[in-house]
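Just below is one structure, and these are the notes that go with it.
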Amino acid sequence: MKTALLDKVEIHLANPVELQVEWIGQEEPMMQLLACWLTVNPGDQPLCPRLVGHPGLGKTTLGMAAARKRGQAVYVLQCTADTRPEDLIITPVLGEKGNIKYQASALVSAMITGGAVILDEGNRMSEKSWASLAPLLDDRKSVDSLVAGISIKAHPEFRCVVTMNEDDSTFEIPDYIMSRIQPAIELPFPKAEEELRILRYNLPSAPEELINICLGFLQKAHDLDLPYSIRDGLNAIRFAQKLGMLRPAPWDKLFSQAISQIVGQDAFDMEDVADRRRREGQHLPNMQLGDFFFDEDSPLNPDKD
Ligand SMILES: Nc1ncnc2c1ncn2[C@@H]1O[C@H](COP(=O)(O)OP(=O)(O)O)[C@@H](O)[C@H]1O
Ligand SMILES: [Mg+2]
């Protein structure tokens, strides 16, 4: 394991992620993330954007693939509700000889080595933990470790991106932090042609018919703005293929079983589910005036055709 010496304190570094990921299609968010990470002149600072979108659409993958495109090592720090400020920076651990060792987080390891870090699912993290990162996310580009008694300055090549899931487990992140993780880059549902390539790339040995059944399911879900994702589709294909090994059946049957065990019975009446979600206001952005005040069939309903 690598170490670094900072102010005469030995710091043990985390390892970067080894996974080789390739980004398929969806060029707009990739271009935007790479643009954020550029510097346009020697005094310029890179931006730390936030990638937003439903779970399973490829946010973490995009961050890793963008770092890879830049030829940079990538570190992933999984943020949770329990992440404490020191977990983000340096934690003391017991060494072999009973001594205290200082272990750098994925974030600090990226800061020291000039790598890129993904602060993954940052919406889950508390304000207290976010607050410790405020100096890193503005012009100071440094963090303080109270535990090791040192200040750590980011390498000029250090890059950062935060991913955020659009689900209801989101913490209220204070404005002074939100203003430091700008801009927002939206990851939309992929178009059919792109989604087909993503499925094929991730599961090169899956039968074409099964891939197409899955694609039809996902595209219908996207049209209805239901949060079923590429990850759900990939897992359903994998499960259907495995079931088929032990109990052969037509692919549509196997896929139905697989998807219902992955996203639930809702998969079979997506229109009703979409309708219910709209009514319950789970998806306000797509709502029209008529959804708030009127019966669907009321003559007063402005959405009635
Ligand atoms: N454009 C893409 N190119 C390649 N793989 C993708 C793409 N979009 C999604 N995936 C695949 O979808 C799955 C879920 O992606 P992930 O990055 O974990 O989603 P998120 O972080 O948004 O929850 C992964 O297996 C990933 O490889
Ligand atoms: Mg993720």
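- Linking ILVMFWY side-chain heavy atoms closer than 4.5 Å, directly or via other members, places Ile185 and Ile177 in two distinct hydrophobic clusters.
- For the atom pair CE (Met164) and CG (Leu51), the distance works out to 10.0 Å, reported to the nearest 0.5 Å.
- Considering every non-hydrogen atom in both Ser126 and Thr83, the closest pair reads OG-O, 4.5 Å.
- Nearest heavy atoms, Pro16 versus Tyr75: N-CE2, 3.5 Å.
- Between the side chain of Gln26 and the backbone N or O of Phe189, no donor-acceptor pair lies under 3.5 Å.
- Counting heavy atoms from C-beta on, the side chains of Leu5 and Val9 never come closer than 4.5 Å.
- Side-chain contact between Glu121 and Thr60: absent, with no pair of heavy atoms (C-beta onward) separated by less than 4.5 Å.
- Salt-bridge annotation for Arg276 and Asp272: absent, with no side-chain N of the basic residue lying under 4.0 Å from a carboxylate O of the acidic one.
- Ionic pairing of Arg197 and Glu194 is not present here: no N-O contact between side-chain nitrogen and carboxylate oxygen is shorter than 4.0 angstrom.
- A single hydrophobic cluster is seen to contain both Leu57 and Leu19, as judged by linkage of ILVMFWY side chains at heavy-atom distances under 4.5 Å, directly or through other members.
- Within the structure, the side-chain hydrogen bond (donor to acceptor under 3.5 Å, both in side chains) test picks out the following pairs touching residues 87-107 (sequence neighbours left out): Arg84-Asp87.
- The side-chain heavy atoms of Arg277 and Leu226, taken from C-beta on, include a pair separated by under 4.5 Å.
- Rounding to the nearest 0.5 angstrom, the gap separating the CD1 atom in Ile11 from the OG atom in Ser109 is 9.5 Å.
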* **Pair Met111-Val143, side-chain contact (heavy atoms from CB on, under 4.5 Å): steps then yes or no** => CA-CA 10 Å; Met111 286 175 68; Val143 290; 3.9 Å; yes
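- Lys153 NZ: more than 12 foreign heavy atoms inside a 6.0 Å radius.
- Annotation: salt bridge (Lys or Arg N to Asp or Glu O under 4.0 Å) contacts involving residues 13-28, sequence neighbours excluded, are absent.
- Using a 4.5 Å cut-off on side-chain heavy atoms (C-beta onward), Ser229 and Pro55 make no contact.
- Pairs passing the side-chain hydrogen bond (donor to acceptor under 3.5 Å, both in side chains) check and including a residue from residues 257-266, sequence neighbours excluded, read Arg247-Gln257, Gln257-Gln261.
- Counting only distance, with no hydrogens or angles, the side chain of Ser129 and the backbone of Met125 share no donor-acceptor pair below 3.5 Å.
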Indicate every side-chain donor-acceptor pair of residues 41-48 with a distance under 3.5 Å to a residue at least two apart or in another chain.
| from | atom 1 | to | atom 2 | distance (Å) |
| --- | --- | --- | --- | --- |
| Asn41 | OD1 | Gly43 | N | 3.2 |
| Asn41 | OD1 | Asp44 | N | 3.1 |
| Asp44 | OD2 | Val40 | N | 2.9 |

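- Using a 4.5 Å heavy-atom cutoff, the side chains of Asp144 and Ile89 are not in contact.
- When hydrophobic clusters are built by joining Ile, Leu, Val, Met, Phe, Trp and Tyr residues whose side-chain heavy atoms come closer than 4.5 Å, directly or via intermediates, Phe268 is not grouped with Leu224.
- Residue Leu119 holds its CG atom at 7.5 Å from CG of Leu137, rounded to the nearest 0.5 Å.
- How far NE2 of His54 is from CG of Asn165: 10.0 Å, rounded to the nearest 0.5 Å.
- Arg180 is not listed as a side-chain neighbour of Trp130, based on a closest heavy-atom distance of 4.5 Å or more.
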* To do: Let me see the working for Leu77 and Leu88 under side-chain contact (heavy atoms from CB on, under 4.5 Å), right down to the final yes or no.
  => CA-CA 8 Å; Leu77 196 155; Leu88 292 171; 3.8 Å; yes
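- Here the closest heavy-atom approach between residue Ala67 and residue Val74 is recorded as CB-CB, 3.8 Å.
- Using a 4.5 Å heavy-atom threshold, the side chains of Leu33 and Leu62 count as touching.
- Placement of Leu136 and Ile118 in two distinct hydrophobic clusters is found when ILVMFWY residues are connected by side-chain heavy-atom separations under 4.5 Å, directly or transitively.
- To the nearest 0.5 Å, the span separating CD on Glu10 from OG1 on Thr3 amounts to 4.5 Å.
- Taking 4.5 Å as the limit, every side-chain heavy atom of Thr163 sits out of range of all side-chain heavy atoms of Leu187.
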* Worked check of side chain to side chain donor-acceptor pair (under 3.5 Å) between Gln182 and Arg50 -> CA-CA 6 Å; Gln182 304 273 32; Arg50 55 184 196 271; 3.0 Å; yes
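- The CD1 atom of Ile237 lies 9.0 Å from the CD1 atom of Ile259; values are rounded to the nearest 0.5 Å.
- Minimum heavy-atom separation, Ala258 to Ala240: CB-N, 3.8 Å.
- Closest non-hydrogen pair, Cys160 versus Trp37, comes out as O-NE1, 3.1 Å.
- The shortest heavy-atom contact between Val76 and Ala106 is O-CB, 3.6 Å.
- Ile230 and Met270 fall within the same hydrophobic cluster, defined by Ile, Leu, Val, Met, Phe, Trp and Tyr side-chain heavy atoms under 4.5 Å apart, directly or through other members.
- Judged by distance alone, with hydrogens and angles left aside, the side-chain atoms of Trp23 form a donor-acceptor pair with the main-chain N or O of Gly25 at under 3.5 Å.
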What pairs of donor and acceptor atoms, side-chain ones from residues 207-223 against any protein atom, are under 3.5 angstrom apart with sequence neighbours left out?
| from | atom 1 | to | atom 2 | distance (Å) |
| --- | --- | --- | --- | --- |
| Glu208 | OE1 | Arg200 | NE | 3.4 |
| Glu208 | OE2 | Arg200 | NE | 3.2 |
| Glu208 | OE2 | Arg200 | NH2 | 2.5 |
| Asn212 | ND2 | Glu208 | O | 3.2 |
| Gln219 | OE1 | Ala192 | N | 3.4 |
| Gln219 | NE2 | Pro190 | O | 3.1 |
| Gln219 | NE2 | Glu195 | OE1 | 2.8 |
| His222 | ND1 | Leu218 | O | 3.2 |
| His222 | NE2 | Glu195 | OE1 | 3.0 |
| His222 | NE2 | Glu195 | OE2 | 2.9 |

* To do: Kindly determine whether Ile112 and Ile152 satisfy side-chain contact (heavy atoms from CB on, under 4.5 Å), including the steps that lead there.
  => CA-CA 8 Å; Ile112 292 174; Ile152 303 140; 4.0 Å; yes
* Could you give me the CA-CA distance, side-chain angles and deciding distance for Phe239 and Leu254, then say whether side-chain contact (heavy atoms from CB on, under 4.5 Å) is met? => CA-CA 8 Å; Phe239 187 32; Leu254 291 166; over 6 Å; no
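- The stretch residues 56-76 participates, sequence neighbours left out, in these salt bridge (Lys or Arg N to Asp or Glu O under 4.0 Å) pairs: Arg70-Glu157.
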